[in-house]
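These numbers come from a predicted model, not from an experiment. Note that these values count all heavy atoms, side chains included, but never hydrogens, waters or copies made by symmetry. A note on names: the letters A, B, ... follow the listed sequences, proteins ahead of strands, and every chain is numbered from 1.
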2 protein chains.
Amino acid sequence: MHSPELLKGTLQTIVLKVLKDHGRMYGYEITQRVKELSDERILLTEGALYPALHKLEAEGILKTETENIGKRIRKYYTLTPQGKSLVKERVAELTDFIKTMSNVLQVKLA
Amino acid sequence: MHSPELLKGTLQTIVLKVLKDHGRMYGYEITQRVKELSDERILLTEGALYPALHKLEAEGILKTETENIGKRIRKYYTLTPQGKSLVKERVAELTDFIKTMSNVLQVKLA
DNA sequence: GTCTAATGCCTAAGACTATTATGTATTAGG
DNA sequence: CCTAATACATAATAGTCTTAGGCATTAGAC
């Protein structure tokens, strides 16, 4: 597990990117997918994820559909057109940041 | 300039790494060096840097010497032995984080 | 059959970090 | 002479996430 402070500011971008690649997803599914992609290193906490999803929805970046699976509820999130263009920006920004940090730290990413 | 939230949690590591590579440095010099290394993208603010330096000093990670250059004061910071081992940890941690993020975002770092 | 872990949603209080806004002072250059 | 750069520093505030709750369903182990 990574030092949590490093994650700050990256949550939105991670969520948007995963949604872009997988289309329609629900909250719990996102946490599991990120866990998998990061090899258990990024464990999104619910206290961070759900407020973030709600915020993105309120801003028109995501839209939702609720489904009942048995008696259990699932809330699916999808990128809106506005969301799709935001993903590109955010990913580009974080990519650039990663490259900058790599330079500063003189990291060799084999 | 990068979105400031991304920097959160990386400041200490950046400072420690720069100090490791350059030895004895003062605050203003650190901001300039990081600015240069990051191609103007990381501009450390004084409100973040000085408290961070003071904290690291209080923790025994850095030690200081004050010099007078004319009538102007310079406070030089150097890594303590404890600080040197911390740098390795922190850089390793941030490097690992960068790699993880690269995987999650499927970034190609040429 | 019961108990636990996993699934699935959510909010609120608090911690932590950095930004923004100041304040003080010296020095170089137009 | 005045401005930008150098050089230190602190305080109030904003923003993000962690921690700690709360509620409910379902699958699997014993």
Side-chain angles (χ1 to χ4, degrees), chain A residues 1-16 24-36 38 40-59 62 64-77 90 93-94 97 101, chain B residues 1-16 24-36 38 40-59 62 64-77 90 93-94 97 101:
Chain A
M1 177 64 173
H2 283 299
S3 175
E5 293 97 54
L6 294 177
L7 263 315
K8 298 224 175 195
T10 64
L11 188 147
Q12 263 200 20
T13 305
I14 291 172
V15 169
L16 292 173
R24 199 162 162 274
M25 293 180 92
Y26 55 98
Y28 186 77
E29 191 182 8
I30 294 172
T31 65
Q32 296 311 300
R33 182 64 188 153
V34 170
K35 185 178 170 186
E36 190 190 329
S38 69
E40 314 272 310
R41 284 184 179 85
I42 301 178
L43 307 174
L44 301 185
T45 58
E46 298 177 317
L49 179 64
Y50 289 113
L53 288 172
H54 299 162
K55 194 188 167 204
L56 290 168
E57 187 186 1
E59 290 169 353
L62 302 177
T64 61
E65 303 161 83
T66 303
E67 280 190 22
N68 289 58
I69 308 296
K71 287 180 182 172
R72 193 181 284 168
I73 290 173
R74 272 189 198 162
K75 204 164 158 186
Y76 281 95
Y77 290 87
R90 284 292 216 287
E93 184 181 42
L94 187 46
F97 176 72
M101 286 300 300
Chain B
M1 180 60 174
H2 284 297
S3 175
E5 292 99 52
L6 295 176
L7 263 316
K8 298 224 174 194
T10 65
L11 187 146
Q12 263 200 21
T13 305
I14 291 172
V15 169
L16 292 173
R24 198 161 162 277
M25 293 179 90
Y26 54 98
Y28 185 77
E29 191 183 8
I30 294 173
T31 65
Q32 297 309 301
R33 182 63 187 153
V34 170
K35 184 178 170 185
E36 189 191 331
S38 69
E40 313 271 311
R41 284 184 179 85
I42 301 177
L43 308 173
L44 301 185
T45 58
E46 298 177 316
L49 180 64
Y50 289 114
L53 288 171
H54 300 162
K55 191 187 168 204
L56 289 168
E57 187 187 1
E59 290 169 353
L62 302 177
T64 61
E65 303 160 83
T66 304
E67 279 190 22
N68 290 58
I69 308 295
K71 287 180 183 173
R72 192 182 285 169
I73 290 173
R74 273 189 198 164
K75 206 165 158 186
Y76 281 94
Y77 291 87
R90 284 292 216 290
E93 184 181 44
L94 188 46
F97 175 72
M101 286 300 300

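For A:R33, the salt bridge (charged side-chain N to carboxylate O under 4.0 Å, His left out) partners two or more places apart in sequence, or in a different chain, are A:E36. Taking the side-chain hydrogen bond (donor to acceptor under 3.5 Å, both in side chains) definition, one finds that A:Y50 meets it with nothing, sequence neighbours left out. Residues meeting the side-chain hydrogen bond (donor to acceptor under 3.5 Å, both in side chains) test with B:R72, sequence neighbours left out: none. Under the rule for a side-chain hydrogen bond (donor to acceptor under 3.5 Å, both in side chains), the partners of B:E65 that lie at least two apart in sequence or sit in another chain are B:R24.
A straight line from CG of B:L43 to P of D:dA5 spans 13 Å, rounded to a whole angstrom. Atom C1' of nucleotide C:dC9 and atom CD1 of A:I30 are separated by 13 Å, given to the nearest angstrom. Atom CG of B:L44 and atom C1' of D:dC8 are 15 Å apart (whole Å). B:R74 places its CZ atom 17 Å from the P atom of D:dA5, with the value rounded to the nearest Å. We find that NZ of B:K75 is positioned 13 Å from C1' of D:dT10, with the value rounded to whole Å. To the nearest angstrom, C1' of C:dG8 lies 11 Å from CD of A:Q32. Across the protein-nucleic acid pair, B:I73 atom CD1 and D:dA7 atom C1' stand 9 Å apart, rounded to whole Å. In this structure, CG of A:L49 is placed 10 Å from P of D:dC17, rounded to the nearest angstrom.
In terms of heavy-atom proximity, A:G27 sits nearest to A:L49 at O-CD2, 3.4 Å. For the pair A:P51 and A:A48, the tightest heavy-atom approach, listed with the atom from each and the gap, is CD-O, 3.6 Å.
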| side chain to side chain contact (heavy atoms under 4.5 Å, CB included) assessment of A:L53 paired with A:I30 | CA-CA 11 Å; A:L53 288 172; A:I30 294 172; 4.3 Å; yes

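In the region residues 50-59 of chain B, proximity to DNA chain D at under 4.0 angstrom, judged on heavy atoms, holds for B:Y50, B:P51, B:H54.
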| What string of B, S and - do you get for nucleotides 20-30 of chain C 5' to 3' if you count protein non-hydrogen atoms under 4.0 Å? | B-----BS---

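Both B:Y77 and A:Q12 lie close to DNA chain D; mapped to their nearest nucleotides by heavy-atom distance, the more 5′-ward contact belongs to B:Y77.
Looking only at side-chain heavy atoms (C-beta outward), A:Y26 and A:I69 stay at 4.5 Å or farther from each other. Side-chain contact between A:L62 and A:L16 is present, with heavy atoms from C-beta onward closer than 4.5 Å.
Contact annotation: B:Y26 reaches the phosphate of D:dA7 (side-chain N/O to OP1 or OP2, under 4.0 Å).
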